[in-house]
Chemist: 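The structure that follows is given in the form of structure tokens.
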Amino acid sequence: MDRKWKWVLSSGALLVIFLGRMTTALEVPLDLPQPPTITHQSPKDFIIDPRENILIYCEAKGKPHPSFSWTRNGTHFDVEKDSKVLMKPSSGTLVIDISGEKAEAYEGIYQCTARNEHGTAVSNNIIIRQSRSPLWSKERKEAIMVQVGVSLVLQCRPPAGLPPPIIFWMDNNFQRLPQNTRVSQALNGDLYFSNVLLDDTRNDYICYARFPHTQTIQQKQPITVKVLDMDAINETVAAMYNYTNNLFVDSPSGERRPSFMAPLGRSSTQMALRGGVLELECIAEGLPTPEVSWYKESGDLPSSRMSFHNFQKTLKIADVMEADAGDYRCTAKNSLGSAHHTIKVNVKAAPFWISAPRNLILAPKETGILTCMVSGDPKPQIAWSVNGVPVEDSPKDMSRKVEDDTVILSDVQTGSSAVYQCNASNEFGYLLANAFVNVLAEAPRVLTPPNNVYQVITNNPAFLDCASFGSPIPTITWFKDSQTSILNKDPYVIHNNGTLEINVAQSLNSGKYTCIASNNLGTKENHVYLEVKEPTRILAQPEYMVVQRNRKAVFECKVKHDPTLIPTMNWLKDNGELPDDERFLVDTDSLTINDVTEEDEGTYTCVMNTTLDQDSASAMLTVVEEPDPPTDLELTDQRERSVQLTWIPGDEHNSPTQKFLVQYEDLLHQAGVWHNLTEEEGTKTTAHLDLSPYAYYSFRVLALNHVGYSQPSQPSRQYRTNPAAPDVNPTDVQGVGTEHNNLVISWKELTGLQSNGPGLQYKVNWRQKDVEEDWSSETVANASKYVVSGTPTFVPYEVKVQAVNEYGNGPAPEAVVGYSGEDVPMSAPESVQVLVQNGTLAEVHWEPVLTSMVRGRLQGYKVSYWRERSLHQAEAQQEEQQVLAFSGNRTDGRLPGLKPYSLYTLNIRVVNGKGEGPPSPNHNFETPEGVPGPPSFLRIKNTNMDSLTLEWGPPQDNNGRLTGYTLKYQPVNNSNELGPVEEMTFPANETTITLADLKYSTRYKFYFNAKTIKGSGPTITEEAITIMDEAFIQQPIVDVVKGYTEPHLPISPITQSLRPQFHKVHPIGSAFTNVNSSVVGEEGAVISWEYFGPDKNVYVEYIVENSKEDWTKEFVNGSSGSQTYLIKGLKPGTSYRVRVVVKDHSEATIHSTEELVITLPAMKSNQVDLATQGWFIGLMCAIALLILVLLIICFIKRNKGGKYPVKEKEDAHQDPEIQPMKDDDGTFGEYSDTEDHKPLKGSRTPSNGTVKRDDSDDSLVDYGEGGDGQFNEDGSFIGQYSGKKEKDTHEGNESSEAPSPVNAMNSFV
């Protein structure tokens, strides 16, 4: 970022302005008497154009207005006697009409005189000369013959003109001759050759002289130069002069050390005038061409005023100073040596002012001094004149004393006014100055206009003017805001001319200022005002931008400024105006460029101007785009299998090329299709390409930069390669049987480019592994497989495939082992045993099937089991069949997710790649008792001041023989602190209890569970509040499966709300706690929560995860306490986000739980392959045996697994008595149950609103595989034929959770 602060009234600028005021001659108001003052005159050396009238300026002022006269060549010039000369009215300017006259007649030295009654002023001597452009003298130029390698000078020598002409060399076609380090033009116009070449031969070396005043060009006669080699020179000269000896043999034509052609010798001198331009020149000859360098022996070269020209042969120093005198050495150097030349520079000086005399205004009786301080080399001579007359020739004046460069005037008298001239001269020029002495007696007057308002920016100097005049010179004093103290101390400074300076202006310096001018003749005052403004600042500057072509660029420029100043914002491009283009949009604080193009590149500057200051900031815009495509593709180093490709990169468009992509087209096999061949770095322009035989190649190249790929280049010429035998064989060779008596050999065919020649075929070889037999072979074309028939079942074979064409065979292929086809297994596992571990887990063991009976690749074993009935029930209620698959040659497996106190049946099949074998005989086993499930419901009824009634239902899953129920309850105060716990037990046949002696208007929390001999089941909770008056409060029924039910009893008119305002028991933070979810079947989910808010508009909302649709909303009765809700109709295999929200009357959400993610299991399907079943074959073979076949089908359906209806599991279901598996020894431990507690004071639930599962929970991953049917490393998988998946739900955040089988597989892949 380029940042520049520009202040219009900067301190430096103000200092320069102020010093100008201090050094300006004292001005006398024009209404007062004063001697003449020359205000304008022509330059000392005045060159005129002879075609125009001569205009000689002489203007002056004075009171009274002066009269004018002229001298010419030292004598009076009578203007009135020459009709061609006119003097302008009230002026001394001469206009000379030279029409019909020669301008030479008016050449000469002119001087103007302006006089009035108070004195006489004179002008400089003005030398009038006519400009001249003389013709070139006629001359005959002979051809110049030179030997190759020698030096040469072509002289120009133009005619002397006034002013001197400008020289340049051109040819006949007016084209400048090329110049370089070998050929260059000297300061005098000559053309120097350090050494000549044969190419320098030409006949039109022409020197031209241009005269600037007359705008004419003079041409010298063309010069012919013939450069010859040594033999040509000898023959030419011998023919001309009949000489037989060789000429120019000793001329320096070969390689040689440098020597100087100009200036000559080892040293020279040169004089320069102070303030002028010093030009030093060194031109050297030699072969090879020398290089010239410069340095100053006695010091450094002035880098700020120095420049090199003419290929460093000329050193130019501007604004010469005395310090530039000294010895300058130029050095010419080539590979053979060097040469040196020293130029001694002397600096002289025409007279120059140190202090010119100034006008004096004196009161009578005062004393004054005129000084004329000059310098120069040699020292100037000073001569004084009075009213144009030398002092020594003027009348004596006792009040005047002249001492060299000083005139002292003492005790002046009225009427002694005069004009004094100081003339300082030496041999290089002269200076002439007029200074008047005006004797006046005048009261003070203030020349600065009254009530001026000065404005300045904070922290900058302020200058308040008080220009005055009076004789004697008035004294100036300043006051601020009518204060009595005089301002002449820090931070104020009063200058000699009366100006008041404030070094660093601040806002407190604003106000009214008064200046008073006084002398012995009177007093005058003036008022001015100062306003200090805040500076303009750019707060947000434009930033450097790199923009792609046709995109948009936005430069920001936000500014702060003084509110009383009117700002104007301007945008510049490269310090010029913005293009007149509608794509450039200027806003108050930004510049937008739409559809950027390459022409928009540059530096953009925002400039904020006010009347006092400005600020600016700049930023660059770089436009980038895809590179241009490479060009000029060329193929070189052409070989049988390779070629070299070269190209020329295209324009990068400000984004460096990162890489080049080389593509090829095979016109023989895939015309019109381009393939990537290789990549090269962005700095390379060559690629070595490896090629394949039997292809017609064309190549193209793409360039990539940061923006993207270029368009492809034009294709290269076609390059053809010769055919050859294949280099590679087919890949992906496999041998797999599709039937029990075949072997399918397959491979991936070669591409046309891989064929290497015409007539591509494949030689297929095979033989049975580990059997002594020869290879069988077959050759096929245009095929990717070959089928071998009549093979034994599942036997290993060695196979290989070789590529061949008309030019030979491919390399020897490697053999690959494959297997012929499989058949279904012939026998079932034997010795099936079941070891029951606990109520939910059993181990099954079996003897493996013999390999010969498997008849294929062993996939594993599939265990099918199902629950016949609960041991409570006498009649069978067969449930859905579950399937567990165990991969590999396993002999045991675990069956998780069993229900306690149940009768189960199982059988086992062996599985190979073809299918399943016959099942083993059914085996029955029983599971022991476990802990019961939660009670089906807990209702609170008949709530009074000190009593209430509890009603409950038995668990839906007893999991054994119920032994009774346990009730615990405790009060909850207003700060959510729990009181002492009361505990009660009830027999299994009890379903209701009335609690008495409770505290009135008190919240109670109840914990209730069922028991078997194995222990207590999960706890359900509820809350209620005793009332203050005789009223009935009906509590909603909480049903684990069915959700909410409405109260059954009518509500009394005086029923008190369960949520009285003065008895709210809110949890810390959200209105919801203990938010949990569980899946019920494949299309349902249960959400449970505890709510402590007063609003009743409670909704359950759910949405498919990652969906953009609206939330589905279902209304829930918004009672306080624990609640559950069953969401039905969900899609199997889909994940949902679920939350519970409370809304007000405007449907705005006021409370919300955190979102839960629920994933439903995928729908299970029956994938039994009917084509492999015996009943299908029997049905087709014998219709006469229809009754027998139907019995066989029923038997197979019962054993293979059908689609049976399954009762959905209940909400908050907890598998009882689950034994967690220990990975190290395969044993199982007992699961423990925990009670559900409300959070105590200060306690917290997990932040995500979910309950962490107990670490001892079993997972199906421990026993089998997921839904994809593949085997895990431990050899198990889980699957089932049909029906809905069951998953246990849970209630509360501490209840244990037992695993259940999910997604059982019904077939192997």
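As the structure is a computational prediction, the values presented were derived from the model and not from experiment.
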Chemist: Using residues 221-228 as the side-chain source, report each donor-acceptor pair under 3.5 Å to any protein atom, sequence neighbours left out, with the distance given to one decimal.
Modeler:
none

Chemist: Among pairs that include at least one residue of residues 133-166, which meet ring-ring contact (aromatic ring centres under 6.0 Å, His included), considering only residues two or more places apart or in two chains?
Modeler: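 The answer is none; no pair qualifies.
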Chemist: In terms of relative ring orientation, are F77 and Y110 parallel, tilted or perpendicular, with 30° and 60° separating the classes?
Modeler: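 Rings of F77 and Y110: perpendicular, as their planes differ by over 60°.
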Chemist: Taking S194 for the side chain and G286 for the main chain, is one N or O donor matched with an acceptor at less than 3.5 Å?
Modeler: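 Pair absent, no side-chain N/O of S194 close to backbone of G286.
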Chemist: Suppose we screen for side-chain contact (heavy atoms from CB on, under 4.5 Å). Which residues come up paired with S267, at least two apart in sequence or across chains?
Modeler: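 S267: side-chain contact (heavy atoms from CB on, under 4.5 Å) contacts with T342.
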Chemist: What is the minimum heavy-atom distance between L264 and H341, and which atoms define it?
Modeler: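 In terms of heavy atoms, the two residues are closest at O-CE1, 3.4 Å.
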Chemist: Output, in order, the C-alpha distance, side-chain angles, deciding distance and verdict of side-chain hydrogen bond (donor to acceptor under 3.5 Å, both in side chains) for N195 and T289.
Modeler: CA-CA 7 Å; N195 52 77; T289 302; 3.1 Å; yes
Chemist: Output all residues satisfying side-chain contact (heavy atoms from CB on, under 4.5 Å) with D49, sequence neighbours left out; order by chain, then residue number.
Modeler: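 By the side-chain contact (heavy atoms from CB on, under 4.5 Å) rule, D49 matches R51, E52.
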Chemist: What do you reckon, is NZ of K296 surrounded by more than 12 foreign heavy atoms closer than 6.0 Å?
Modeler: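 It does: K296 NZ has more than 12 such atoms within range.
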Chemist: Would you kindly check if the NZ (Lys) or CZ (Arg) of R210 is within the cone defined by 45 degrees around the ring axis of Y208 and under 6.0 Å from the six-membered ring centre?
Modeler: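 Here R210 fails the 6.0 Å and 45° test against Y208.
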Chemist: Above 12 or not: heavy atoms from other molecules or residues under 6.0 Å from CG of D393?
Modeler: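 Enclosed.
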Chemist: Can you measure from CG (L315) to OG (S307) and round to the nearest 0.5 angstrom?
Modeler: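 The CG atom of L315 sits 7.5 Å away from the OG atom of S307.
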Chemist: Check for a donor-acceptor pair, side chain of N73 on one end and backbone N or O of I109 on the other, with a separation under 3.5 Å.
Modeler: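 Pair found, side chain donor or acceptor close to backbone of I109.
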Chemist: Closest heavy-atom contact between I48 and A103?
Modeler: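 Result for this residue pair: CD1-CB, 4.3 Å.
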Chemist: Please indicate whether F46 has more than 12 foreign heavy atoms, meaning atoms of other residues, nucleotides or ligands, lying under 6.0 Å from its CZ.
Modeler: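 Counting other residues, nucleotides and ligands, CZ of F46 exceeds 12 neighbours.
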Chemist: Do other residues, nucleotides or ligands put more than 12 heavy atoms under 6.0 Å from the NZ atom of K44?
Modeler: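 Yes, the 6.0 Å shell around NZ holds more than 12 heavy atoms from other groups.
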Chemist: Tell me, please, which residues at least two apart from H309 pass ring pair (Phe, Tyr, Trp, His ring centres under 6.0 Å).
Modeler: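 Ring pair (Phe, Tyr, Trp, His ring centres under 6.0 Å) check on H309 returns nothing, list empty.
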Chemist: Assess whether side-chain contact (heavy atoms from CB on, under 4.5 Å) is satisfied between C282 and I343, documenting all intermediate values.
Modeler: CA-CA 9 Å; C282 280; I343 304 176; 4.3 Å; yes
Chemist: Let me see the working for M271 and F428 under side-chain contact (heavy atoms from CB on, under 4.5 Å), right down to the final yes or no.
Modeler: CA-CA 12 Å; M271 189 271 294; F428 300 109; 3.9 Å; yes
Chemist: Name all residues meeting the ring pair (Phe, Tyr, Trp, His ring centres under 6.0 Å) criterion together with Y192; count only those two or more places apart in sequence or in a different chain, and write none if there are none.
Modeler: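 Here no residue qualifies.
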Chemist: Do the side chain of W70 and the main chain of G92 share a donor and acceptor less than 3.5 angstrom apart?
Modeler: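 Yes, the answer is positive, given that a donor and an acceptor are paired below the 3.5 Å cut-off.
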Chemist: Do S151 and M261 come close enough that some side-chain heavy atom pair is under 4.5 Å?
Modeler: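 Counting from C-beta outward, S151 and M261 do come under 4.5 Å.
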Chemist: Is the backbone of I56 close enough, under 3.5 Å, to the side chain of S42 for a donor and an acceptor to pair up by distance?
Modeler: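 Side chain of S42 to backbone of I56: no pair is present.
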Chemist: With a sphere of 6.0 Å drawn around CD of E104, does it hold more than 12 non-hydrogen atoms of other residues, nucleotides or ligands?
Modeler: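 Buried by this count: over 12 neighbours within 6.0 Å.
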Chemist: Not counting sequence neighbours, list each pair that qualifies as a salt bridge (Lys or Arg N to Asp or Glu O under 4.0 Å) and has a residue in residues 174-194.
Modeler: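 Salt bridge (Lys or Arg N to Asp or Glu O under 4.0 Å) check on residues 174-194 returns R182-D200.
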Chemist: Using the test ring pair (Phe, Tyr, Trp, His ring centres under 6.0 Å), find all partners of F211 that sit at least two apart in sequence or belong to another chain.
Modeler: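 For F211 there are no ring pair (Phe, Tyr, Trp, His ring centres under 6.0 Å) partners, ignoring immediate neighbours.
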Chemist: Identify the heavy atoms of E281 and P263 that sit nearest to each other, and give their distance.
Modeler: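 So the two residues come closest at O-CD, 3.1 Å.
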Chemist: Using the side-chain contact (heavy atoms from CB on, under 4.5 Å) criterion, which residues pair with E291? Sequence neighbours excluded.
Modeler: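 Applying side-chain contact (heavy atoms from CB on, under 4.5 Å) to E291 gives T181.
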Chemist: Under the criterion side-chain contact (heavy atoms from CB on, under 4.5 Å), I'd like the reasoning laid out for C58 against L94: C-alpha separation, chi angles, the key distance, then a yes or no.
Modeler: CA-CA 8 Å; C58 182; L94 297 181; over 6 Å; no
Chemist: Describe, in one word, how the ring planes of Y420 and W384 are oriented to each other, choosing from parallel (under 30°), tilted (30 to 60°) and perpendicular (over 60°).
Modeler: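 Rings of Y420 and W384: perpendicular, as their planes differ by over 60°.
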Chemist: Which residues pass the ring pair (Phe, Tyr, Trp, His ring centres under 6.0 Å) test with Y430, sequence neighbours left out?
Modeler: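 Checked Y430 against ring pair (Phe, Tyr, Trp, His ring centres under 6.0 Å); zero matches.
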Chemist: Is there a donor-acceptor contact under 3.5 Å from the side chain of Q185 to the main chain of I167?
Modeler: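 Here the side-chain-to-backbone pair exists.
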Chemist: Could you give me the CA-CA distance, side-chain angles and deciding distance for I54 and I98, then say whether side-chain contact (heavy atoms from CB on, under 4.5 Å) is met?
Modeler: CA-CA 7 Å; I54 302 173; I98 59 173; 3.8 Å; yes
Chemist: Among all residues two or more places apart in sequence or in another chain, which pass the side-chain contact (heavy atoms from CB on, under 4.5 Å) test with S259?
Modeler: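 Here the qualifying residues are E285.
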Chemist: Which heavy atom of L191 sits nearest to which heavy atom of W169, and what is that distance?
Modeler: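 Taking L191 first and W169 second, the nearest heavy atoms are CB-CE2, 3.7 Å.
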Chemist: For residues C330 and L280, determine if any side-chain heavy atom of one lies less than 4.5 Å from a side-chain heavy atom of the other.
Modeler: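 C330 vs L280: side chains apart.
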Chemist: If you look only at pairs with a residue in residues 317-328, which of them pass as a side chain to side chain donor-acceptor pair (under 3.5 Å), with sequence neighbours excluded?
Modeler: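 As it turns out, the side chain to side chain donor-acceptor pair (under 3.5 Å) pairs with a partner in residues 317-328, which skip direct neighbours, are R274-E322, R305-D324.
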